Amino acid sequence: MTTTLPDLDRPQPGEVDVKARAISRRSTGADAVFTHGSRVVGASVLVITGGVGVFLGLQAVPTFKRYGLSFFTEQQWSPDTDTIGIAAVLVGTFQVALVAMVIAFPLALATALYISEYAPARLKATLVSMVDLMAAVPSVIYGLFVALLIMPYAADLSIWFDRTLGWLPIFAVPGGEADSPLPALSQYGFSSFVAGIAVSMMVMPMACAVMRQVFSQTPPGEKEAALALGASTWGMIRTVVLPFGRGGIIGGTMLAMGRALGETIAVALILSPSFEIKASVTEKGGSTISSLIANRFGDASTSQLSALLAAGLVLFLITLLINTLAAIVVNRSRSGADTD
Amino acid sequence: MTTLDRNGPDLSQPAPGKTFLPSYDDDAPPPVPRASLGRMTPDELFVRAGAWFAALGLAWVTTQRLLPMPGIPWFLLAWFFFGLVVTAVATAATGTWIDVKDRVAASLVTGLALFVGAALVSVVTYVAVKGYKPVINLNFWFDDMAGVGPKDAFDQGGIRHAIIGSLIEIGIAVAITLPLGVGTAVFMTEVGGTFARIVRTLVEAMTALPSIVAGLFIYSVWIIALGNPRSGFAASLALSVMMLPIIARASDVVLRVVPGGLREASLALGASRWRTVWHVVLPTARPGLATALILGIARGIGETSPVLLTSGAADFTKTNPFEGAMNSLPLFIFGNVRSGNDEGIQRAYGAALVLLILVLVLFVVARLLARPRKTTSRRSSKAGS
């Protein structure tokens with residue numbers, strides 16, 4: 001019982017000369033058209049979107065050359081006297097965004113936790129689409145809602161803040177006379193605080209959607225293990241869901257912050273324009289970069305337009321930085337590793 | 001426990017090749033459904049619900065009788081605060097520190113979520129209540145503001161021009177962004193390579209572009225530099241610049257979750273890459289793509305700032321987007337709120353209601369499209385076509 005290997009070296013009778021098929025990843029025919037066509041589409045989108053960035057950069061150069069560093073330190077924006085600077089506007093932008101995030105963050109976190117952990121299973125889909133709907137409501141409607149309905153209540157709250165927490169500079173309103181029986185109500189409305197409320201309504205659903213998505217990807221096995229070990233619902237959330245979703249919480253908050261920085265119309269409807277750095281967020285008046293652009297583009301000369309574009313570039317770079325950091329944080333977290 | 005039916009076959013000598021249904025003991029107690037493990041016990045229910053009733057009373061006493069805090073907002077705030085405190089105290093009386101934390105956290109999370117829901121509902125109701133007056137007049141839908149003074153009654157004038165303008169502008173923007181956005185997403189996921197990575201990075205970066213800057217870009221290029229007048233088309237361009245990265249990124253996410261196995265199966269069956277994309281990847285991702293598109297539209301149709309800079313506002317209906325100013329719903333709202341007179345503000349609310357209805361309809365359509373299709377309906381539609 002022996003087996004013999006066929007003698008491969010010896011030429012077989014009647015053998016056809018077989019060659020290995022050439023293997024190539026290069027696409028041919030319709031595939032080549034598809035590959036190159038989609039590459040062209042991608043390139044055109046690159047040109048369009050990249051063009052905006054390049055254009056903003058180029059347009060901003062004359063402004064930066066002309067005003068130099070004082071563009072970032074000057075508070076006034078008065079083209080008539082040739083003093084243009086974004087210091088106050090930049091601070092105002094961050095004040096509004098920070099107020100918005102202080103309000104939106106706890107609400108977004110709680111809503112995301114409620115939807116993913118506490119809500120009855122039947123209601124979940126409805127609640128998710130309600131949050132999405134909230135994100136889709138046009139910002140001008142939130143602006144209307146806050147400017148005409150919430151504003152008086154917010155002003156009352158500002159007065160209360162001034163009375164009880166007036167020793168904090170962010171709540172102290174000079175000239176507000178909070179302690180007198182009839183405070184100067186006009187000093188308390190139209191403030192960064194009120195604008196922040198409107199912006200928070202806009203960005204809350206966005207942060208909530210990101211957080212909820214990450215929470216819903218928590219491995220059920222780990223959750224069940226925590227419950228099986230005797231954890232209460234809150235214990236399970238604190239030890240499993242929140243650590244797992246940390247990346248989503250941070251990332252969602254930063255994404256919302258990026259959106260809050262660029263919000264225009266609600267802020268333009270609420271904030272009464274003024275160009276000075278204010279320590280207090282509840283004091284009347286303020287300005288953000290986007291509301292500055294919305295208010296001033298109409299009567300702008302060419303050089304002033306370029307200054308507005310420079311301000312827009314600064315805003316874009318800030319939001320870009322924040323969004324990139326957010327994307328890195330979200331991608332680094334464990335969430336969404338497997339989709340297959 | 002169970003005894004065999006006396007009339008049944010003798011099991012000690014089973015009849016070969018025959019099966020018998022088991023019979024049941026008539027004397028056994030009827031089966032009792034097991035108590036649910038997840039439901040609250042009456043005790044727990046009493047502590048949880050009772051705490052909120054107690055808090056209601058406490059809040060009333062504190063805000064209306066003891067402290068000068070009139071008004072509903074303070075009352076609700078006090079109710080929420082006392083609710084948490086009473087829940088904590090009542091739970092601590094019977095349970096452990098862990099129970100206290102659990103229940104307080106549950107109440108806090110639920111309360112805040114309810115607050116968010118109330119905010120959404122109140123926005124919608126407020127706009128509906130404030131805006132229904134002009135909207136119930138038919139001419140508000142089918143007439144425009146040409147020759148209508150700002151203080152005229154609501155049976156004159158309407159927002160036909162703004163609705164048509166919004167639809168035309170968003171239509172052009174979709175015609176530009178849909179092929180480009182989905183095409184880019186296909187390029188990023190299906191073709192890949194270094195260049196695709198660059199495109200993806202840039203597209204993700206450009207989603208950060210504030211909408212006002214998109215408007216300013218078109219304003220300074222299309223209107224100032226190229227000397228075109230303000231028009232609906234310029235507004236569509238601005239909206240496209242804003243929507244393009246949003247749609248491309250959303251479609252990219254959708255295409256990436258198409259299972260790789262489907263692609264490999266199609267390629268293994270001998271389909272070319274193009275046919276794989278067209279017949280497998282895109283149909284699989286279709287609901288997701290539709291949702292991405294409609295969410296992009298919902299975002300774009302309500303965006304005021306790009307339109308504000310580029311389109312200009314006209315009082316009359318205009319169907320040609322290439323010449324002259326064109327109004328749109330967000331712009332109409334903004335302009336009328338800024339005008340400051342009562343009728344104008346009411347018209348703004350009416351237009352806001354119309355805009356909200358439009359967004360809602362888009363949303364319902366998105367939800368319907370996002371539902372997975374049933375295979376039967378697909379077959380019948382195939383057969384029909």
Side-chain angles (χ1 to χ4, degrees), chain A residues 27 30-31 34-35 38-39 41-42 44-46 48-50 52 55-56 59 106-107 110-111 113-114 118 129-130 133-134 136-142 144-145 149 153 201 204 232-235 258 261-262 264-265 269 290 293-294 297 305 308-309 312 315-316 319-320 323-324 327 339-340, chain B residues 73 98 101-102 105-106 109-110 112-113 116 119-120 123 126-127 180 183-184 186-187 191 196 199 202-213 216-217 219-221 224 241 244-245 248 257 259-260 272-274 295 298-299 302 304-305 308-309 330 333-334 337 352 355-356 359 363 367:
Chain A
S27 34
D31 267 359
F34 161 66
T35 317
S38 68
R39 188 161 285 144
V41 171
S44 64
V45 169
L46 187 79
I48 294 172
T49 52
V52 181
F55 174 81
L56 280 179
Q59 285 291 309
L107 291 176
T111 311
L113 277 181
Y114 180 76
Y118 287 101
S129 48
M130 265 176 85
L133 173 69
M134 205 171 167
V137 171
S139 61
V140 66
I141 290 180
Y142 285 129
L144 272 183
F145 177 73
L149 181 72
Y153 297 105
M201 296 186 76
M204 195 288 300
S232 59
T233 314
W234 172 246
L261 288 170
T264 311
I265 288 303
L269 273 177
S290 44
I293 297 174
F297 81 96
L305 200 66
L308 285 177
L309 280 167
L315 176 63
F316 169 58
T319 45
L320 179 62
N323 276 25
T324 314
T339 46
D340 244 323
Chain B
I98 292 173
K101 279 197 290 187
D102 183 35
V109 165
T110 313
L112 290 182
V116 169
L120 174 63
V123 167
Y126 177 72
V127 171
L180 281 180
T184 314
V186 165
F187 172 60
V191 177
V199 174
L202 199 83
V203 163
E204 285 189 354
M206 291 316 279
T207 45
L209 187 78
S211 57
I212 183 101
V213 178
L216 201 57
F217 170 67
Y219 179 71
S220 48
V221 171
I224 302 285
V241 169
L244 187 55
V257 299
S272 66
R273 286 167 77 189
W274 159 243
L295 291 184
R299 189 73 207 278
T304 317
S305 31
L308 173 72
L309 268 61
I333 299 170
F334 188 68
V337 170
L355 184 56
L356 206 55
V359 171
F363 222 78
R367 287 289 143 205

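Keep in mind that this is a model prediction, so the values were computed, not measured. A, B, ... follow the sequence lines: proteins, then strands. Residue 1 opens every chain.
For the set A:Thr111, A:Leu320, A:Leu107, A:Leu261, the entry with the most heavy-atom pairs within less than 4.5 Å of chain B is A:Leu107. With chain A as partner, the option from B:Ser272, B:Ser211, B:Gly183 having the largest number of non-hydrogen pairs under 4.5 angstrom is B:Ser272. In terms of non-hydrogen atom pairs under 4.5 Å with chain B, the most contact-rich of A:Tyr142, A:Tyr153, A:Trp234 is A:Trp234. Per-residue counts of heavy-atom pairs under 4.5 Å with chain B were compared for A:Val137, A:Leu113, A:Thr324, A:Ile293; the largest is that of A:Ile293. Of all the listed residues (B:Leu355, B:Val199, B:Leu120), the one sharing the greatest number of non-hydrogen pairs under 4.5 Å with chain A is B:Leu120. Comparing B:Ala196, B:Ala119, B:Ser305 by heavy-atom pairs within less than 4.5 Å of chain A, the highest count is held by B:Ser305. Of the listed residues (B:Val203, B:Ile212, B:Val337, B:Thr184), the greatest number of heavy-atom pairs within a distance under 4.5 Å of chain A belongs to B:Ile212. Of the listed residues A:Leu133, A:Leu269, A:Leu305, the one with more heavy-atom pairs under 4.5 angstrom with chain B than any other is A:Leu133. Per-residue counts of heavy-atom pairs under 4.5 Å with chain A were compared for B:Leu202, B:Val127, B:Leu244; the largest is that of B:Leu202. Of the listed residues B:Val241, B:Ile224, B:Thr207, B:Leu112, the one with more heavy-atom pairs under 4.5 angstrom with chain A than any other is B:Leu112.
Under a cut-off of 6.0 angstrom, the local environment of CD1 in B:Ile98 is sparse, with at most 12 non-hydrogen atoms contributed by other residues, nucleotides or ligands.
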Inset, instruction - Go through A:Phe34 and B:Val191 one step at a time and tell me if the side-chain contact (heavy atoms from CB on, under 4.5 Å) criterion holds. - result: CA-CA 9 Å; A:Phe34 161 66; B:Val191 177; 4.3 Å; yes

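With a threshold of 4.5 angstrom between heavy atoms, B:Val186 approaches chain A through side-chain atoms but not through N, CA, C or O. Contact of B:Leu309 with chain A is made through backbone and side chain together, with heavy-atom distances under 4.5 Å. The part of B:Val213 that comes within reach of chain A is its side chain, from C-beta onward, which places non-hydrogen atoms under 4.5 angstrom from that chain. Proximity to chain A involves both the backbone and the side chain of B:Val123, based on heavy atoms less than 4.5 angstrom apart. Contact of A:Thr233 with chain B is made through backbone and side chain together, with heavy-atom distances under 4.5 Å. Looking at A:Phe145, both its backbone and its side chain come within 4.5 Å of chain B, counting heavy atoms on both sides. Both the backbone and the side chain of B:Leu209 come within contact range of chain A, each with at least one heavy atom under 4.5 Å from a heavy atom of that chain.
In this pair, B:Tyr219 and A:Phe297 present their aromatic rings perpendicular. The plane angle is above 60°, beyond the 30 to 60° band.
Going from atom CG of B:Leu216 over to atom CZ of A:Phe316 covers 13.0 Å, rounded to the nearest 0.5 Å. Considering CD1 of B:Ile333 and CD1 of A:Ile141, their distance stands at 5.5 Å, rounded to 0.5 Å. Rounded to the nearest 0.5 angstrom, A:Asn323 CG and B:Met206 CE are separated by 11.5 Å.
A distance-only check finds no donor-acceptor pair linking the side chain of B:Asp102 to the backbone of A:Ser232 [under 3.5 Å]. At distances below 3.5 Å, at least one donor-acceptor pair connects side-chain atoms of A:Asp31 with backbone N or O atoms of B:Arg273.
Residues B:Val359 and A:Ala136 share a closest heavy-atom pair of CG1-O, 3.7 Å. Contact between A:Tyr118 and B:Ala105 at its shortest, heavy atoms only, is OH-C, 4.2 Å. Here the closest non-hydrogen pair linking A:Ser129 and B:Phe363 is O-CE2, 3.6 Å. Of all non-hydrogen atoms in A:Ala110 and B:Val109, the two that sit nearest each other are O-CG1, 3.3 Å.
Looking at A:Pro138 and B:Thr304, their side chains never come closer than 4.5 Å, going by heavy atoms from C-beta outward. Residues A:Ile265 and B:Leu308 form a side-chain contact, since some pair of their non-hydrogen atoms from C-beta on lies under 4.5 Å apart. Between B:Phe217 and A:Leu56 there is no side-chain heavy-atom pair separated by less than 4.5 Å.
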